[in-house]
Amino acid sequence: MSREFLKAYFLAPFRLIGWFWTTFHSNRQRLTEFLNRPRVKSAFQALVATTAISWVIIWIAADDQHRDRLTEAAKGFFQWGQEVSDKAGEAPPATSD
């Protein structure tokens, strides 16, 4: 095996990880900038509130055996929504690009 082949073979996973990292980081910055816009942030909060009301209505209509699963799903959704909303208020991290 040639030296160039081995170098390319062993560097491939690191290049892939680097590509994932830069893509994730740039998408995260774009999402933060998008959510920091005034109307978008209030629309996102309205969407979360509407979803909460919908979950409550569905929970009331559900029978007892399905309420536990529904409650856990709702907790997971609102925890995610709160994290996104909290991060939208933060300044994007400084980059060394």
Side-chain angles (χ1 to χ4, degrees):
M1 290 190 186
S2 73
R3 182 179 174 107
E4 292 300 317
F5 173 78
L6 289 175
K7 184 178 176 182
Y9 180 78
F10 287 114
L11 281 178
F14 295 103
R15 287 182 179 149
L16 183 64
I17 291 169
W19 179 83
F20 278 121
W21 177 256
T22 55
T23 303
F24 170 79
H25 185 68
S26 63
N27 286 341
R28 187 73 180 239
Q29 281 185 317
R30 278 186 277 185
L31 179 64
T32 302
E33 291 169 5
F34 179 71
L35 287 176
N36 279 333
R37 293 166 48 191
R39 288 191 176 175
V40 173
K41 187 172 184 175
S42 62
F44 180 75
Q45 290 171 342
L47 176 68
V48 171
T50 303
T51 305
I53 293 168
S54 300
W55 275 114
V56 169
I57 292 170
I58 293 169
W59 185 79
I60 289 170
D63 55 352
D64 290 335
Q65 68 185 30
H66 292 99
R67 281 190 181 166
D68 291 337
R69 284 182 34 205
L70 189 59
T71 301
E72 291 304 314
K75 285 180 184 177
F77 174 78
F78 289 111
Q79 180 180 3
W80 171 81
Q82 184 64 44
E83 290 170 1
V84 170
S85 181
D86 290 345
K87 288 181 183 175
E90 297 174 1
T95 61
S96 60
D97 294 336

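Using the six-membered ring where Trp is involved, W21 and H25 have ring planes that are parallel, under 30° apart on the 30 and 60° scheme.
The CD1 atom of I53 lies 12.0 Å from the CD1 atom of I58; values are rounded to the nearest 0.5 Å. Once rounded to the nearest 0.5 Å, the distance linking CD1 of I17 with OG1 of T22 reads 12.0 Å.
Counting side-chain heavy-atom gaps under 4.5 Å among Ile, Leu, Val, Met, Phe, Trp and Tyr, the cluster of W19 also holds L16, F20.
F10 and F5 end up in the same hydrophobic cluster when Ile, Leu, Val, Met, Phe, Trp and Tyr side chains are linked at under 4.5 Å. L31 and F44 fall within the same hydrophobic cluster, where Ile, Leu, Val, Met, Phe, Trp and Tyr residues are linked whenever their side-chain heavy atoms come under 4.5 Å apart, directly or through other members. Transitive grouping of hydrophobic side chains (ILVMFWY, heavy atoms separated by less than 4.5 Å) brings F34 and V48 into a common cluster.
With contacts defined as side-chain heavy-atom distances shorter than 4.5 Å, the pair T32/Q29 does not qualify.
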